[in-house]
Asker: 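Attaching a single structure in structure tokens format; questions to follow.
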Amino acid sequence: MADEVTVTGLLAFEKSPSAKISVGLSAGKFSVTGTKYVHGVQNVGTAAEAIGLGDLGTPGWFYLKNLDTANYVEILSATGGAVLLKIKAGEIAVGRFGAAAPAAQANTAAVNIEYLIVED
């Protein structure tokens, strides 16, 4: 089977009539070799902690949403790794992990993140 993952995205920016742009992907389809996924909500504290991957072999495509209303969360390559993403309160991120053991760390206070991660 091919094209098991469908991704739709749009990023639009408009600050003034002369500063505006919109780019997007209406429905890209991508293949993965794995058969597993993990979905849930994880409470993330201010110390770096692994994102719960369950029995996924290699994390691939992800959807992450910061459910907090005030604090941001950083996504790291590992618990002692580099920051890959900063997701502010209420924001989302979609992409493909290039790290085998991604981690998360809240900024000021613990936050909940919703996640869907598909095996690569």
Side-chain angles (χ1 to χ4, degrees):
M1 188 176 206
D3 298 338
E4 303 89 354
V5 174
T6 301
V7 178
T8 302
L10 169 70
L11 179 61
F13 168 75
E14 185 172 352
K15 186 72 173 182
S16 70
S18 63
K20 67 181 190 177
I21 188 169
S22 177
V23 295
L25 174 69
S26 61
K29 294 194 173 274
F30 305 95
S31 296
V32 296
T33 56
T35 60
K36 299 176 184 170
Y37 67 90
V38 62
H39 176 250
V41 173
Q42 181 172 336
N43 183 265
V44 176
T46 56
E49 58 188 79
I51 295 175
L53 298 178
D55 61 352
L56 289 186
T58 303
W61 282 97
F62 67 82
Y63 163 88
L64 299 167
K65 182 174 183 180
N66 181 352
L67 300 175
D68 201 75
T69 59
N71 301 296
Y72 71 83
V73 63
E74 294 177 325
I75 307 302
L76 302 96
S77 59
T79 54
V83 174
L84 302 174
L85 301 168
K86 177 179 182 177
I87 308 172
K88 291 187 175 184
E91 291 183 347
I92 64 162
V94 176
R96 184 188 285 262
F97 278 124
Q105 181 174 357
N107 171 249
T108 304
V111 302
N112 286 325
I113 59 169
E114 179 184 14
Y115 59 95
L116 169 62
I117 303 171
V118 177
E119 187 174 42
D120 201 19

Asker: Cluster question for you: counting only ILVMFWY and a side-chain heavy-atom cut-off of under 4.5 Å, with indirect links fine, are Leu25 and Val5 together?
Answerer: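 Linked, Leu25 and Val5 end up in one cluster.
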
Asker: I'd like to check the salt bridge (charged side-chain N to carboxylate O under 4.0 Å, His left out) partners of Asp68; sequence neighbours left out, ordered by chain and number.
Answerer: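 Listed in chain order: nothing, the list is empty.
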
Asker: Mind checking what makes side chain to side chain donor-acceptor pair (under 3.5 Å) contact with Gln42, not counting sequence neighbours?
Answerer: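 Per chain and number, Gln42 pairs via side chain to side chain donor-acceptor pair (under 3.5 Å) with Glu49.
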
Asker: Quick one: side chain to side chain donor-acceptor pair (under 3.5 Å) partners of Thr6, sequence neighbours excluded?
Answerer: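 Partners of Thr6 under the side chain to side chain donor-acceptor pair (under 3.5 Å) test: Lys29.
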
Asker: List the atom of Ala99, the atom of Pro59, and the distance in Å for their closest heavy-atom pair.
Answerer: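 Minimum heavy-atom separation between Ala99 and Pro59: O-CG, 3.3 Å.
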
Asker: Would you say Ile87 and Ile113 are hydrophobically clustered, going by side-chain heavy atoms of ILVMFWY under 4.5 Å?
Answerer: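 Result: yes, single cluster for both.
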
Asker: Using the side-chain contact (heavy atoms from CB on, under 4.5 Å) criterion, which residues pair with Ala2? Sequence neighbours excluded.
Answerer: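 For Ala2, the residues satisfying side-chain contact (heavy atoms from CB on, under 4.5 Å) (neighbours in sequence not counted) are Ser31.
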
Asker: To the nearest 0.5 angstrom, please state how far the OH atom of Tyr72 sits from the OG1 atom of Thr108.
Answerer: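 Here the interatomic distance stands at 7.0 Å.
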
Asker: What are the two closest heavy atoms between Ala93 and Leu85, and how far apart are they?
Answerer: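 Scanning both residues, the minimum pair turns out to be CB-CD1, 4.0 Å.
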
Asker: With rounding to the nearest 0.5 angstrom, report the OH to NE2 distance, Tyr37 to His39.
Answerer: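 Answer for the OH-NE2 pair, Tyr37 versus His39, is 9.0 Å.
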
Asker: Give a yes or no on whether Leu116 and Phe30 share a hydrophobic cluster (residues Ile, Leu, Val, Met, Phe, Trp, Tyr; joining criterion: side-chain heavy atoms under 4.5 Å apart).
Answerer: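 In one cluster: yes.
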
Asker: In Å and rounded to the nearest 0.5 Å, what is the NZ to CD distance from Lys65 to Glu91?
Answerer: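 Output value for this atom pair is 11.0 Å.
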
Asker: Verify the cluster assignment for Val38 and Ile75: are they in a single hydrophobic cluster under the rule of side-chain heavy atoms below 4.5 Å apart?
Answerer: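 Val38 and Ile75: one cluster.
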
Asker: Please identify each residue that fulfils salt bridge (charged side-chain N to carboxylate O under 4.0 Å, His left out) with Lys88, with sequence neighbours left out.
Answerer: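 Lys88 satisfies salt bridge (charged side-chain N to carboxylate O under 4.0 Å, His left out) with no other residue.
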
Asker: Which atom names give the shortest non-hydrogen contact between Val32 and Trp61, and what distance separates them?
Answerer: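 The pair with the smallest heavy-atom distance is CG1-CD1, 4.0 Å.
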
Asker: Just jot down the side-chain contact (heavy atoms from CB on, under 4.5 Å) partners of Val83, sequence neighbours excluded, or say none.
Answerer: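 Result, side-chain contact (heavy atoms from CB on, under 4.5 Å) vs Val83: Glu74, Leu76.
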
Asker: Looking only at atom types and distance, does a side-chain atom of Asn66 sit under 3.5 Å from a main-chain N or O of Asn71, one as donor and one as acceptor?
Answerer: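 Judged by distance alone, yes, a pair lies under 3.5 Å.
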
Asker: Check whether any side-chain N or O of Ser77 sits under 3.5 Å from a backbone N or O of Ala82 as a donor-acceptor pair, and report yes or no.
Answerer: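 Side chain of Ser77 to backbone of Ala82: a pair is present.
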
Asker: Could you pull out the closest heavy-atom pair between Ala106 and Val44, with the gap in Å?
Answerer: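 Looking at all heavy atoms of both residues, the shortest contact is CB-O, 3.5 Å.
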
Asker: Output all residues satisfying salt bridge (charged side-chain N to carboxylate O under 4.0 Å, His left out) with Asp55, sequence neighbours left out; order by chain, then residue number.
Answerer: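 Only Lys36 meet the salt bridge (charged side-chain N to carboxylate O under 4.0 Å, His left out) criterion with Asp55.
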
Asker: What pairs with Tyr63 under ring pair (Phe, Tyr, Trp, His ring centres under 6.0 Å), at least two apart in sequence or on another chain?
Answerer: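 So Tyr63 forms no ring pair (Phe, Tyr, Trp, His ring centres under 6.0 Å) with any residue.
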
Asker: Distance-only, no hydrogens or angles: does the Thr8 side chain make a donor-acceptor pair with backbone N or O of Ser26 under 3.5 Å?
Answerer: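 Checked: pair present.
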
Asker: Leu10: what forms a side-chain contact (heavy atoms from CB on, under 4.5 Å) with it, not counting sequence neighbours?
Answerer: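 Leu10: side-chain contact (heavy atoms from CB on, under 4.5 Å) contacts with Ser22.
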
Asker: Under the ring pair (Phe, Tyr, Trp, His ring centres under 6.0 Å) test, which residues partner Phe62, sequence neighbours left out?
Answerer: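 By the ring pair (Phe, Tyr, Trp, His ring centres under 6.0 Å) rule, Phe62 matches Phe97.
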
Asker: Which residue pairs pass the salt bridge (Lys or Arg N to Asp or Glu O under 4.0 Å) test with at least one member in residues 100-119, sequence neighbours excluded?
Answerer: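 Sorted pair list comes back empty.
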
Asker: Quick one: list whatever passes side-chain contact (heavy atoms from CB on, under 4.5 Å) with Thr58, sequence neighbours left out.
Answerer: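 Result, side-chain contact (heavy atoms from CB on, under 4.5 Å) vs Thr58: Asp120.
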
Asker: Following the transitive rule for hydrophobic clusters with a side-chain heavy-atom cut-off under 4.5 Å over Ile, Leu, Val, Met, Phe, Trp and Tyr, establish whether Leu64 and Val7 coincide in one cluster.
Answerer: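 Each belongs to a different hydrophobic cluster.
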
